[in-house]
Amino acid sequence: MAQKPSIPKGTRDFTPSEVAKRNYIFGVIKKHFEIFGFQPIETPSFENSDTLMGKYGDEGDRLIFKILNSGDFLNKVDDATYISKDSTSLTSKISEKALRYDLTVPFARYVVMHQNEIDFPFKRYQIQPVWRADRPQKGRFREFYQCDADVVGADSLLQEVEFIQLYDAVFADLGLEGVNIKVNNRKILAGIAEVIGAKDVLIDFTVALDKLDKIGAEGVKKEMSDKGISVDSIAKVEPLFSLSGSNSEQLSTLKELLADSKEGSKGVEELAFIFETVDALGLLSAQLSIDVTLARGLNYYTGTILEVAAPQKVDMGSIGGGGRYDDLTGIFGLKDVSGVGISFGLDRIYLVLEELGLFPETLDQSLQVLCLNFGAKEALAALKLTTFLRKSGTKADLYPSDAKIQKQFKYANNRNVPYVILIGEKELAENSFVVKNMESGAQETYNLKSPEDFIHQLKME
RNA sequence: GUGGUUGUAGCUCAGCUGGUUAGAGCGCUUGAUUGUGGUUCAAGAGGUCGCCGGUUCGAAACCGGUCUUCCACCCCA
């Protein structure tokens, strides 16, 4: 080995078995996206920098991968900028493109650019990789796939209900029991901030509140006071830390608390409608609950906020999230188009399914049948049989060389092939083939003239 | 971006306060087995000790830098 090759930090190679499992998850998600009437789109892996920059806050800008201009990019930089060594002003001169950071902003750009050809409400889904110059951690990478479904041009809260059903359908299909779909509303958060007199520090307030289950009530109180929220105000929010009871009980508590806030009351009303409607429809396996501490993606969510928590028995946190953003396309000049959408966290779902052993066993079966190679004449007969099996849709292969039978068997074993077919001198003379079940070890002889008998048997199982 | 952590055979990892020729298990190759895998037994191959520099008579071990891994924070899927 000359020089050990490597891949960039936070990126991964996927083995055949990993790809099979990932495709299984993609397939299930995609199936339900389509059943719910969403249409796929794709957007470029990189966008013009000004499409992305400034859309995710200062923190986001830092995490966007910038692409260096082609050609002699330094030549166009004036001396003053070059000498000042100011990264921000220099970056805009030497880089005009950047890698996609999420799928939502490019989608908003897409909607604005194609507004005259789109029939609203427009339901689209998109499954593509995105890139972030983040420092990797468990379940967090610098290149990862997002699976998003969004609706634009529909104000109705029925959309929120539909997304809750969609989450439920996907996780039920994946066999993942005990997921908890948590719902909140930006208006409720704004209302709380208003009632306690912390309206001007809404973001700091919610970011602190969001950490409740992580750093505890005391930690939240400390962070809030660090951010300049008064002791009085903090005392007023304290009841929220221990909000308990059924969803409807929590709703009435909130209603009371927010009675003086017009915006907050609206949020409670919206939340109540969603819960009533979902109750009337029923869910397959997911739990639905109120979580007023939920405060993700505040940069653009304006109404409902959704997050899906993995089953409690696995230590994984959020495996999906979403919400309503009333003015996303506004930043690209198209006003009054409401959007709501959700995202599935593929990598984390993968880790959860792996930990709980929920992947179907057949995924690892890249081959159903392997014909052993006993030499030129026998191999020809085996290849005929292989061709026949392939035409019937069976994943079949012939070992390419007449290596030792022991070695060929070992190969079949390592590849997890359930059936091995032997056509040796004896079988050739008798115009037959032997099928060995690799799990039980049982062998059965079939006639080469009627291989469909074997296929029939194969499909019975 | 901040703090910590990790790197030794294909994989998982030992390797003592710095001291001969760097080990184990699994895997791999070959044989026991010229038409039967998983179990067993025997033999064998495989390592610039992440990379660069420094200290030392002597470095896998100590020091500095760098890359990488994982973790916490920031933020986020």
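Contact annotation for A:Gln146: backbone-only contact, meaning every heavy-atom pair under 4.0 Å involves sugar-phosphate atoms and none involves a base. Looking at heavy-atom distances under 4.0 Å, A:Glu143 makes no contact with the nucleic acid at all. Within the nucleic acid shown, A:Leu422 comes within 4.0 Å of at least one base atom, counting heavy atoms only. Base engagement by A:Gly441 is indicated by at least one non-hydrogen atom pair under 4.0 Å involving a base atom. Using a 4.0 Å heavy-atom cutoff across all strands shown, A:Gln443 reaches at least one base atom of the nucleic acid. Within 4.0 Å (heavy atoms only), A:Gly321 reaches no atom of the nucleic acid at all. Within the 4.0 angstrom heavy-atom criterion, base atoms lie near A:Lys426. Residue A:Tyr145 is classed as having no contact, given no heavy-atom separation below 4.0 Å to the nucleic acid. Among the protein residues, A:Glu307 comes within range of no part of the nucleic acid, since none of its heavy atoms lies under 4.0 Å from any strand. Residue contacts for A:Gly322: at a heavy-atom cut-off of 4.0 Å it reaches no nucleic acid atom on any strand shown.
An OP1 or OP2 oxygen of B:U36 is reached within less than 4.0 angstrom by no side-chain nitrogen or oxygen of A:Lys404. Between A:Lys211 and B:C75, a side-chain N or O to OP1/OP2 separation shorter than 4.0 Å is present. For the pair A:Gln137 and B:A72, the criterion of a side-chain N or O lying under 4.0 Å from OP1 or OP2 is met. Contact annotation: A:Lys214 reaches the phosphate of B:C73 (side-chain N/O to OP1 or OP2, under 4.0 Å). Of the side-chain N and O atoms in A:Lys9, one or more sit less than 4.0 angstrom from OP1 or OP2 of B:U68. In terms of phosphate contacts, A:Asn414 brings a side-chain nitrogen or oxygen within less than 4.0 Å of OP1 or OP2 of B:C28.
Looking only at atom types and distance, the side chain of A:Thr394 has a donor-acceptor partner in the side chain of A:Ser392 under 3.5 Å away. Side chain to side chain, A:Arg324 and A:Thr302 fail the donor-acceptor criterion of an N or O pair below 3.5 Å. When only modelled atom types and interatomic distance are considered, A:Ser45 and A:Gln128 share no side-chain donor-acceptor pair under 3.5 Å. Between the side chains of A:Tyr325 and A:Asp150, at least one donor N or O sits under 3.5 Å from an acceptor N or O.
Distance noted for atom C1' between B:G25 and B:C62: 30 Å (whole Å). The gap from the P atom of B:A32 to that of B:G37 amounts to 12 Å, rounded to the nearest Å. For B:A45 and B:G10, the P atoms lie 15 Å apart once the distance is rounded to whole Å. Taking atom P in both B:C71 and B:C13, the straight-line distance is 14 Å, to the nearest Å. For the C1' atom pair drawn from B:C70 and B:C63, the interatomic distance equals 24 Å after rounding to whole Å. B:A59 and B:U2 are spaced 34 Å apart, taking the P atom of each and rounding to whole Å. Only the P atoms considered, B:C41 is 11 Å distant from B:G27, to the nearest whole Å. With both ends at atom C1', the span from B:U40 to B:A22 equals 30 Å, rounded to whole Å.
The side chain of A:Glu59 has B:C74 as its nearest neighbour among B:U33, B:C74, B:A77. When each of B:A77, B:G35, B:G37 is scored by its nearest atom to the side-chain atoms of A:Lys436, the top-ranked nucleotide is B:G37. Checked against B:G38, B:U36, B:C75, the side chain of A:Ile405 finds its nearest nucleotide in B:U36. The side chain of A:Ser318 approaches B:A77 more closely than any other nucleotide in the set B:G35, B:A77, B:C28.
The interatomic distance linking A:Arg62 (CZ) with B:C75 (C1') rounds to 8 Å, in whole Å. As a whole-Å value, the separation of A:Leu63 CG from B:G1 C1' is 9 Å. When the P atom of B:U29 is taken as reference, atom OH of A:Tyr411 falls 13 Å away, rounded to whole Å. For A:Lys182 and B:A77, the NZ to P distance is 14 Å, given to the nearest whole Å.
When both pairing distances are held under 3.5 Å, B:G53 makes a Watson-Crick or G-U pair with B:C63. B:U48 makes up no base pair with any nucleotide shown, lacking Watson-Crick or G-U wobble contacts both under 3.5 Å. In this structure, B:U39 forms no base pair with any nucleotide, since neither Watson-Crick nor G-U wobble geometry is met with both distances under 3.5 Å. Using N1 to N3 plus N6-O4 or O6-N4 for Watson-Crick, or N1-O2 and O6-N3 for G-U wobble, each under 3.5 Å, B:G10 pairs with B:C26.
Aromatic ring orientation, A:Tyr56 versus A:Tyr101: tilted (interplanar angle from 30° to 60°). Between A:Tyr411 and A:Tyr399, the ring planes are perpendicular. Angles over 60° get that label, and only those under 30° would be called parallel.
Listed by first and then second residue, the salt bridge (charged side-chain N to carboxylate O under 4.0 Å, His left out) pairs involving residues 396-407 of chain A are A:Arg390-A:Asp397 (not counting sequence neighbours).
Two residues, A:Arg348 and A:Thr11, neighbour RNA chain B, and the one matched to the more 5' nucleotide by heavy-atom proximity is A:Thr11.
With A:Phe433 as the fixed residue, the ring-ring contact (aromatic ring centres under 6.0 Å, His included) test singles out one of A:Phe388, A:Phe374, A:Tyr446, A:Tyr419: A:Tyr446.
Put simply, the side chain of A:Glu378 and the base of B:G35 share no donor and acceptor less than 3.5 Å apart.
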